[in-house]
Amino acid sequence: MSAPQREEWNSVLGFILAAAGSAVGLGNIWRFPYIVGKNGGGNFVLLYLLIVFLLGLPVMYLELAAGRKTKRGPVGAIKALAPGSFWKFLGYLAVITGIAILSYYGVVAGWTIYYLFHSIFFGFESGNTSALFNKFTSNGLLQISLLFIFIGITTSVVFFGIKGGIEKISKVLMPLLLILMLGLIIYCFTLPNASKGLEYYFMPRFSEMNTNTFIFALGQAFFSLSLGMGAMMTYGSYLKKSEKLLNAGFVVIIFDTAIAIMAGLIIFPVIGGAPEKASAGLVFVVITDLFTKIPGGQLLAIFFFLLLSIAALTSTISLLEVAASYLIDEHKISRKKATVSIGFITFLVGIPSALSQGATSFFTKFIKIGDKHLSFLDSFDFAFGNISLALGALLLVLFVIFKWKFQNAKIEIFRNQEDKLWLSYILKPLVLFAVPAAICIVLGFIIFTGKTLS
Ligand code: TRP
């Protein structure tokens with residue numbers, strides 16, 4: 001009996017655009033510029049770049065290599081590389097984390113669609129954006145419907161598979177995203193307060209850096225690069241053996257980092273200085289309010305929310321694909337059934353998050369830490385978007401060190417590019433020491449101080 005041919009990306013460009021699509025998301029476009037602003041501007045950018053290349057890149061390569069070597073997502077990959085070992089829990093952790101992140105990410109992604117339509121049909125009113133946001137997020141039925149719609153769109157792309165769904169849509173949406181961004185940057189540079197904003201963005205401020213800065217930078221790097229839960233492993237599993245993984249992974253990292261930095265070139269000229277407050281919802285309040293005050297603001301708003309929706313969609317696709325491919329590969333369920341059932345489960349898991357932004361006080365004030373309340377959405381983001389990703393990345397590195405062995409990972413990473421093998425002398429100490437040490441420090445810090453990454 002021969003197994004049906006497993007799907008593959010049509011071209012390495014298709015893989016790069018899909019993987020970059022996964023990486024480029026809400027994390028880049030809102031969270032990154034804002035964190036830079038809060039954590040020392042230019043210094044933080046430098047620190048972030050160091051972390052991306054010294055810690056993110058090695059993990060990216062290990063994930064892609066484990067995926068391509070085994071042609072499986074996290075559960076199957078671990079099973080294939082270490083049959084019967086207890087390590088398989090790492091695979092399940094990845095699948096669960098994917099569903100959990102998608103469940104709340106889908107809520108915020110739903111907001112981008114609503115704001116897109118709102119900016120097209122009604123525009124925003126100065127001074128009223130905070131009230132609008134509160135009214136909007138506390139409308140439980142609307143929140144659940146938007147979650148349903150966004151997960152529905154995500155499901156319908158994943159439904160059509162790798163070539164026909166994910167690769168196809170990434171090839172359209174990613175160039176569109178780039179064009180939109182470039183257009184927005186050029187326009188935002190002409191705004192009256194652009195130079196003040198950019199100064200705030202890039203000017204180094206050593207006084208604002210502390211131990212938290214490092215933690216923020218590491219957490220942001222993993223989240224932004226979609227690492228720690230097998231998303232890149234799954235995408236890597238569809239990469240042909242004949243392609244150059246080393247190059248492709250590098251391009252994905254550059255792409256993600258460039259888009260994050262570019263996002264600040266839009267946000268800060270609009271803000272024109274330091275961002276006032278700090279929370280994910282703020283993009284919907286502060287930025288929309290500023291849009292009402294600048295020339296061409298309504299059109300700008302439309303393109304900005306279109307940009308956010310696209311970035312969010314290519315990310316949610318990758319989150320769903322991890323769990324869907326698990327059912328397809330390990331339980332031999334058809335892709336169509338797998339995607340629809342995972343989509344539906346994620347929607348159900350997401351309902352408490354959808355109701356946690358004001359709709360019900362139980363989910364809105366879900367956990368009390370000190371005198372602060374954490375919503376269900378924030379709690380999930382903390383548990384899965386921060387801790388679980390860091391843990392997943394750490395365990396993956398330990399798995400490679402103790403079980404799969406760096407030597408074997410190396411062969412897969414440098415396949416078709418043996419001339420670059422000398423780079424493994426840099427990669428090896430990073431994998432063996434730098435990455436595990438850095439993640440242990442961060443995890444230890446979070447556990448002992450109770451501080452969150454966001
Ligand atoms: N990287 C995406 C962002 O920046 C979010 C994301 C998509 C993600 N897939 C992931 C994060 C997998 C962690 C793991 O918004």
Side-chain angles (χ1 to χ4, degrees), residues 17-36 48 52 56 59-60 62-64 67 73-74 90 93-112 150-151 154 157-158 166 170 173-174 177 181 216-236 252-253 255-264 280 283 307-326 342 346 380-396 439 453-454:
L17 292 177
S22 164
V24 173
L26 300 172
N28 302 54
I29 300 186
W30 172 244
R31 203 161 173 271
F32 178 79
Y34 156 72
I35 292 185
V36 174
Y48 180 80
V52 162
V59 178
M60 171 75 84
L62 294 182
E63 280 208 25
L64 292 177
L90 174 55
L93 176 73
V95 172
I96 291 170
T97 304
I99 293 178
I101 295 183
L102 179 57
S103 77
Y104 71 83
Y105 197 95
V107 173
V108 182
W111 297 351
T112 64
F150 209 95
I151 302 276
T154 307
V157 176
V158 177
I166 303 178
S170 305
L173 292 185
M174 292 314 283
L177 179 126
M181 274 200 111
F216 275 123
L218 188 86
Q220 173 67 19
F222 281 106
F223 189 85
S224 184
L225 296 171
S226 297
L227 297 175
M229 52 136 291
M232 288 300 165
M233 204 184 285
T234 306
Y235 274 18
V252 171
I253 297 235
F255 206 128
D256 183 64
T257 310
I259 297 272
I261 292 179
M262 284 162 70
V283 69
L307 178 75
L308 272 185
S309 317
I310 293 174
L313 178 63
T314 50
S315 295
T316 54
I317 288 171
S318 74
L319 288 161
L320 187 71
E321 174 62 24
V322 174
S325 73
Y326 161 66
I342 296 288
T346 312
F380 249 47
D381 182 39
F382 177 57
F384 294 101
N386 293 325
I387 303 284
S388 182
L389 290 182
L391 196 64
L394 175 66
L395 291 171
L396 172 72
I439 301 178
L453 289 176
S454 47

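For ligands, and for the atoms within them, numbers begin at 1 and follow the listed sequence. Just so it is clear, the values below take in all heavy atoms, side chains as well, and ignore hydrogens, waters and symmetry mates. One-based numbering along the sequence shown.
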With the side chain counted from C-beta on, respond yes when M229 and L319 share a heavy-atom pair under 4.5 Å apart, and no when they do not. yes

Going by the salt bridge (Lys or Arg N to Asp or Glu O under 4.0 Å) test, which pairs reach into residues 311-326, not counting sequence neighbours? E321-R335

For ligand 1, run through the N/O pairs with the protein that fall under 3.5 Å and put one pair on each line.
from     : atom 1 : to   : atom 2 : distance (Å)
ligand 1 : 1 (N)  : S22  : O      : 3.3
ligand 1 : 1 (N)  : A23  : O      : 2.9
ligand 1 : 1 (N)  : F223 : O      : 2.9
ligand 1 : 1 (N)  : S224 : O      : 3.1
ligand 1 : 1 (N)  : S226 : OG     : 3.1
ligand 1 : 4 (O)  : A23  : O      : 3.0
ligand 1 : 4 (O)  : N28  : OD1    : 3.2
ligand 1 : 9 (N)  : S226 : OG     : 3.3
ligand 1 : 9 (N)  : S318 : OG     : 3.2
ligand 1 : 15 (O) : L26  : N      : 3.2
ligand 1 : 15 (O) : G27  : N      : 2.9
ligand 1 : 15 (O) : Y105 : OH     : 2.6

With no hydrogens and no angle check, is any side-chain donor or acceptor of T314 less than 3.5 Å from a backbone partner on G21? yes

Output all residues satisfying side chain to side chain donor-acceptor pair (under 3.5 Å) with T97, sequence neighbours left out; order by chain, then residue number. S388

Side chain to side chain donor-acceptor pair (under 3.5 Å) against Y48, all qualifying residues, sequence neighbours excluded: none

Can any side-chain N or O of S224 pair as donor or acceptor with the backbone N or O of A221 at less than 3.5 Å? no

